[in-house]
Protein chains: 2
Amino acid sequence: MEIKRTPKPSIIRLCSILNFLEDQENLGKENIFSQEIGEYLDLPAFSIRKDISYIGEIGNTIAGYNISKLKAHIEDKLKLSGTQNTCLVGLGSLGTAILNYEKLNSSNFKLVAVFDTNLNKLEMIKLKIRAYPAYQIEEIVKKHSITAAIITVPSKSTQEVANKLIKGGVRGIINFTPTLIRSGRNDVVVRNIDLLNELRILQALIALKSIDSAGE
Amino acid sequence: MEIKRTPKPSIIRLCSILNFLEDQENLGKENIFSQEIGEYLDLPAFSIRKDISYIGEIGNTIAGYNISKLKAHIEDKLKLSGTQNTCLVGLGSLGTAILNYEKLNSSNFKLVAVFDTNLNKLEMIKLKIRAYPAYQIEEIVKKHSITAAIITVPSKSTQEVANKLIKGGVRGIINFTPTLIRSGRNDVVVRNIDLLNELRILQALIALKSIDSAGE
DNA sequence: CTTCCTCTGTGAATATTTTCACTAATAGTA
DNA sequence: TACTATTAGTGAAAATATTCACAGAGGAAG
């Protein structure tokens, strides 16, 4: 029963490591040392090795890690290889910006539907991605087996939209709204991203750092 | 020397609590219990009390917390009360979306300058906020005592922009770019927000949750 | 063939964070 | 007044995460 669990912070760091590996591979690099990865993530080398060790032995004492092998290994262990059908709810300026985000198309996340309450906006969309009115969320999510969603609607509709998404079968939500989402179930993951709150956290952490430095 | 430090996760949660308190106050509420705050943040009541306890005793055994008092207390202890001059670098679609974000104007963060390399874009800006070419970053940041910045430039210029900002005096950066920023100093705080990476983390955490549930 | 050097992987120590169980305060009520 | 019910605050225990120090692997150099 005692399977060594990967700590959540390690999982999150492994995702960043994967990002970095992709970049390095595109630059033509084949092998990399924990040291170099650590410099990128601003973390000591042993911490990188520890994170990687949770998903299994893979490195080599001479050449470090083979980039493509390590990449595949992380993708495999973190179940990151399959394509994930994704939708976007809310076509305000942030939603539109996300829609224009080229890099999304070349990723594992396929944007298969967008939703908005405003039908005029929907008519204006001339992309390959199908647009639907918000009342169809549950139906369309089910139909296209959408598992991840990005929400950029006005704050007061956030919870309602989330409920529909979850009922339809969505298991992960990125919420750009200032309103926190309560899923009420533990098989749904929500990541809340609120610019204003991030700025606030920033300000608090800066104050904290000043105190730290003074103490040193 | 043994000052009881507030844990970083507590500080971050206190920022969310503050958000919630503002909402509740706007709804006309005067007092609140740790229980109710906990329900909003999806955390047990004792955890909320613990977070609040780090910044000092403030509650009341009968009425719970007085909202405006608790708000003021958090703002005070987390040094969140002063206005912070802020700038935005990069006027792509995400940058423009942020520029249109009304709520920012009514917050502590005053957007006092925007930057872009593309001068045509700058000419189009007809807002009250002054726009400048990117090569003036350091100079303008100094001049206006800008301490916080939001970066939405293309990935390859991220580090260069960050360097200029930091040289000018910025102490906190929100980085919407997929490239991590290395500040090289411990009095600068960076929060990285990368949509694609967030989606990836989401996918990994969903897989993790499935395993968890299976084990129960 | 032996020594040296560098790098990964990891058990154990340390540090941090969360959870728990209990104390104290206080208002309402009999 | 005494009893009940409710809630904040908190030291201590438990859980979690990070850091450290070193063993082992293996190529290079002498």
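In the text below, chain A, chain B and the rest are named by the order of the sequence lines, each starting its count at 1.
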Could you check how far NZ of A:Lys8 sits from P of C:dT17, rounded to whole Å?
-> 15 Å
Grab the OH-P distance between A:Tyr65 and C:dC7 for me, whole Å please.
-> 12 Å
Let me know the distance between CG of A:Asn31 and P of C:dC7, rounded to the nearest Å.
-> 13 Å
Roughly, in whole Å, what's the span from CD in A:Gln35 to P in C:dT8?
-> 9 Å
Any side-chain donor paired with an acceptor under 3.5 Å for A:Asn26 and A:Glu22?
-> no
With sequence neighbours left out, the residues meeting salt bridge (Lys or Arg N to Asp or Glu O under 4.0 Å) with B:Lys143 are none
Separation of C:dG9 C1' from A:Phe33 CZ (nearest whole Å) | 15 Å
B:Glu57 atom CD is separated from D:dT7 atom P, nearest whole Å, by 18 Å
Nearest listed nucleotide, side chain of B:Ser53, among C:dT17, C:dT8, D:dT10 | D:dT10
Donor-acceptor pairs are to be reported for all side-chain atoms of residues 66-74 of chain B against protein atoms at under 3.5 Å, with residues two or more places apart or in another chain.
residue : atom : partner : partner atom : Å
B:Asn66 : OD1  : B:Ser68 : N            : 3.2
B:Asn66 : OD1  : B:Ser68 : OG           : 3.2
B:Asn66 : OD1  : B:Lys69 : N            : 2.9
B:Lys71 : NZ   : B:Glu25 : OE1          : 2.8
B:His73 : NE2  : B:Ile55 : O            : 2.8

Calculate the interatomic distance between B:Ile48 atom CD1 and C:dT17 atom C1'; express it in whole Å.
-> 14 Å
With sequence neighbours excluded, tell me which residues meet salt bridge (Lys or Arg N to Asp or Glu O under 4.0 Å) with A:Lys164.
-> A:Glu160
Among all residues two or more places apart in sequence or in another chain, which pass the salt bridge (Lys or Arg N to Asp or Glu O under 4.0 Å) test with B:Glu75?
-> none
How many Å lie between CD1 on B:Ile52 and P on C:dT19, as a whole number?
-> 16 Å
Between B:Ser34 and D:dT7, is there a side-chain N or O to OP1/OP2 distance below 4.0 Å?
-> no
Can you check each nucleotide of nucleotides 18-30 of chain D against protein heavy atoms at under 4.0 Å and return B for base, S for sugar-phosphate only, - for none, in 5' to 3' order?
-> BBB---BBSS---
Who passes salt bridge (Lys or Arg N to Asp or Glu O under 4.0 Å) against A:Arg49, sequence neighbours left out?
-> none
